[in-house]
Q: 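A single structure is presented below for examination.
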Amino acid sequence: MIGWRLVHRTPEGLTGGRIVETEAYVLGDPASHAFRGERPRNRVMFGPPFHAYVYRIYGRYWCFNVTSEPLGTGAGVLVRALEPGEGLALMRERRGVDADRLLCSGPSRLAQALAIDGSLDGSDLLARGALRLEPPLSPATRIGRSRRIGIGHPGAARRLLRFYEKGSVWLSGPKKLSP
DNA sequence: AGGATGATCGTCT
DNA sequence: GACGATCATCCTC
């Protein structure tokens, strides 16, 4: 999914950018919300692929995921950072910051910049909807991987399931994870 | 550049 | 009653 484009059209305007950082939450993964089975919150993870799984975290932020396995298998890809593309001014306004670096570098930052919230949970990202995912013209190269960020569970924390575009200046998290 | 902390509430034990 | 797939802020090196 590195290099794919994520855009959201709202009455305020179009915002979006190119995906440069993701994390995979796979089958049998103790760090995945789907690990303990299907529940109201995570039901979308068990649905068809390429749909939005949006959940609230720490009582104040939203995180956006793309479902990634066939119907019945709970899995998803957390989008952690975008290279800002469309609607820079609107994203600055929503984020309340001026620095481009702070617009979309972080899962909840990009959700805020694109106005992604729980109302979009379950959206078909390949349909003609407001929130869309578009494949790149040519696949991204120079993809690096590392441990995931913010995972405490031992065992799950070791796995290299974070993916990012090498050399991108738009990544989130500690620099040591993205050399 | 990197570590600690508080905010804040839905979800699960 | 505890704990997050986080962020902004404050602190020390």
Side-chain angles (χ1 to χ4, degrees), chain A residues 1-2 4 6 8 15 17 19-47 49-69 73-82 84 91-123 125 131 133 143-165 167-179:
Chain A
M1 296 208 17
I2 304 296
W4 287 52
L6 178 67
H8 188 203
T15 48
I19 297 173
V20 295
E21 178 182 346
T22 62
E23 281 176 1
Y25 289 84
V26 300
L27 183 63
D29 176 3
S32 169
H33 287 174
F35 184 63
R36 292 169 195 288
E38 185 173 345
R39 286 182 168 46
R41 176 177 72 155
N42 64 12
R43 98 192 133 69
V44 175
M45 293 187 84
F46 292 83
F50 292 104
H51 285 241
Y53 167 49
V54 183
Y55 68 91
R56 209 191 239 301
I57 186 169
Y58 295 104
R60 40 174 13 165
Y61 302 112
W62 297 99
C63 285
F64 166 78
N65 300 250
V66 180
T67 57
S68 53
E69 293 288 340
T73 301
V77 172
L78 171 70
V79 177
R80 288 198 57 93
L82 305 178
M91 293 199 287
R92 286 189 197 103
E93 188 182 323
R94 286 171 176 159
R95 290 276 302 122
V97 298
D98 191 56
D100 290 354
R101 181 65 225 286
L102 297 177
L103 293 182
C104 301
S105 296
S108 298
R109 286 174 177 162
L110 72 89
Q112 188 177 26
L114 271 62
I116 294 172
D117 64 22
S119 69
L120 294 165
D121 189 40
S123 304
L125 298 169
L131 186 60
L133 203 50
I143 295 178
R145 55 195 300 179
S146 77
R147 290 144 93 113
R148 292 174 292 185
I149 294 170
I151 301 298
H153 196 289
R158 310 180 43 77
R159 307 185 63 180
L160 303 180
L161 292 174
R162 171 172 173 263
F163 301 84
Y164 58 91
E165 179 168 66
S168 173
V169 301
W170 305 105
L171 305 181
S172 75
K175 204 165 224 172
K176 64 185 298 190
L177 291 179
S178 328

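Order of the sequence lines fixes the chain letters, A, B, ..., with proteins taken first and strands second; residue numbering starts at 1 for each chain.
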Q: Nearest heavy-atom pair of A:Arg95 and A:Gln112: which atoms, and what distance?
A: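 Where A:Arg95 meets A:Gln112 most closely, the heavy atoms are NH1-OE1, 2.6 Å.
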Q: To the nearest angstrom, how far is A:Trp62 atom CH2 from B:dG10 atom P?
A: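 Spelled out: CH2 on A:Trp62 to P on B:dG10 is 9 Å.
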Q: Rounded to the Å, how far apart are A:Gln112 CD and C:dC7 P?
A: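 Those two atoms, CD and P, are 10 Å apart.
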Q: Roughly how many Å is it from CG in A:Asp29 to C1' in C:dA5, rounded to a whole number?
A: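 Atom CG in A:Asp29 sits about 10 Å away from atom C1' in C:dA5.
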Q: Can you tell me which nucleotide in C:dT6, B:dC12, C:dA5 comes closest to the side chain of A:Tyr53?
A: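 Nearest to the side-chain atoms of A:Tyr53, counting from C-beta on, is C:dA5.
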Q: Would you say whether A:Tyr25 stacks on C:dA5? The test is a distance between ring centres of less than 5.5 Å and an angle between planes of less than 30°.
A: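 It does: the two rings, one from A:Tyr25 and one from C:dA5, meet the stacking criterion.
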Q: Rounded to whole angstroms, how far apart are OH on A:Tyr61 and C1' on B:dG6?
A: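 Distance check: A:Tyr61 OH to B:dG6 C1' gives 10 Å.
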Q: Measure up the A:Phe50 and A:Trp4 rings against each other and bin them: parallel (under 30°), tilted (30 to 60°), perpendicular (over 60°).
A: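 Aromatic pair A:Phe50/A:Trp4 classed parallel.
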Q: For a quick test of reading the model: is some side-chain N or O of A:Arg56 closer than 4.0 Å to OP1 or OP2 of B:dT8?
A: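 A:Arg56 to B:dT8 OP1/OP2: no side-chain N or O under 4.0 Å.
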Q: Kindly indicate whether the side chain of A:Glu23, heavy atoms from C-beta on, has any atom under 4.5 Å from the side chain of A:Pro107.
A: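 Not touching, per the 4.5 Å side-chain cut-off.
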Q: Taking atom C1' of B:dC12 as reference, at what distance in whole Å does atom CG of A:Asn42 sit?
A: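 Distance check: A:Asn42 CG to B:dC12 C1' gives 12 Å.
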Q: Is A:Arg95 touching bases, backbone alone, or none of the nucleic acid, heavy atoms closer than 4.0 Å?
A: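 The residue A:Arg95 makes sugar-phosphate contact but no base contact.
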Q: Could you tell me which nucleotide pairs with B:dA7 by Watson-Crick or G-U wobble geometry, both distances under 3.5 Å, or answer none if nothing does?
A: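 Because both required distances fall under 3.5 Å, B:dA7 counts as paired with C:dT6.
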Q: A quick test of your reading: do over 12 heavy atoms of other residues, nucleotides or ligands sit less than 6.0 Å from CZ of A:Arg36?
A: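 At most 12 heavy atoms, drawn from other residues, nucleotides or ligands, come within 6.0 Å of this atom.
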Q: Using whole Å, what does the distance between atom P of nucleotide C:dC3 and atom NE2 of A:His153 come to?
A: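 Computing the A:His153:NE2 to C:dC3:P distance gives 14 Å.
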Q: Roughly, in whole Å, what's the span from CZ in A:Arg80 to C1' in C:dC7?
A: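 Those two atoms, CZ and C1', are 11 Å apart.
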Q: Between A:Tyr164 (OH) and C:dA5 (P), how many Å, whole number?
A: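 In whole Å, C:dA5 P lies 22 Å from A:Tyr164 OH.
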Q: Mind checking if A:Arg60 touches a base, just sugar-phosphate, or nothing, with heavy atoms under 4.0 Å?
A: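 Base, at least one base heavy atom under 4.0 Å.
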Q: From C-beta outward on A:Ile151, which listed nucleotide comes closest to its side chain: C:dA8, C:dA5, B:dT11?
A: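 For the A:Ile151 side chain, the nearest candidate turns out to be C:dA5.
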Q: Base, sugar-phosphate alone, or nothing: which one does A:Leu78 contact when heavy atoms must sit under 4.0 Å apart?
A: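 Answer is base: heavy atoms of A:Leu78 come under 4.0 Å of a base.
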Q: Please examine the side chains of A:Ser146 and A:Tyr164, heavy atoms only from C-beta on, and report whether any two atoms are closer than 4.5 Å.
A: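 A side-chain contact under 4.5 Å exists here.
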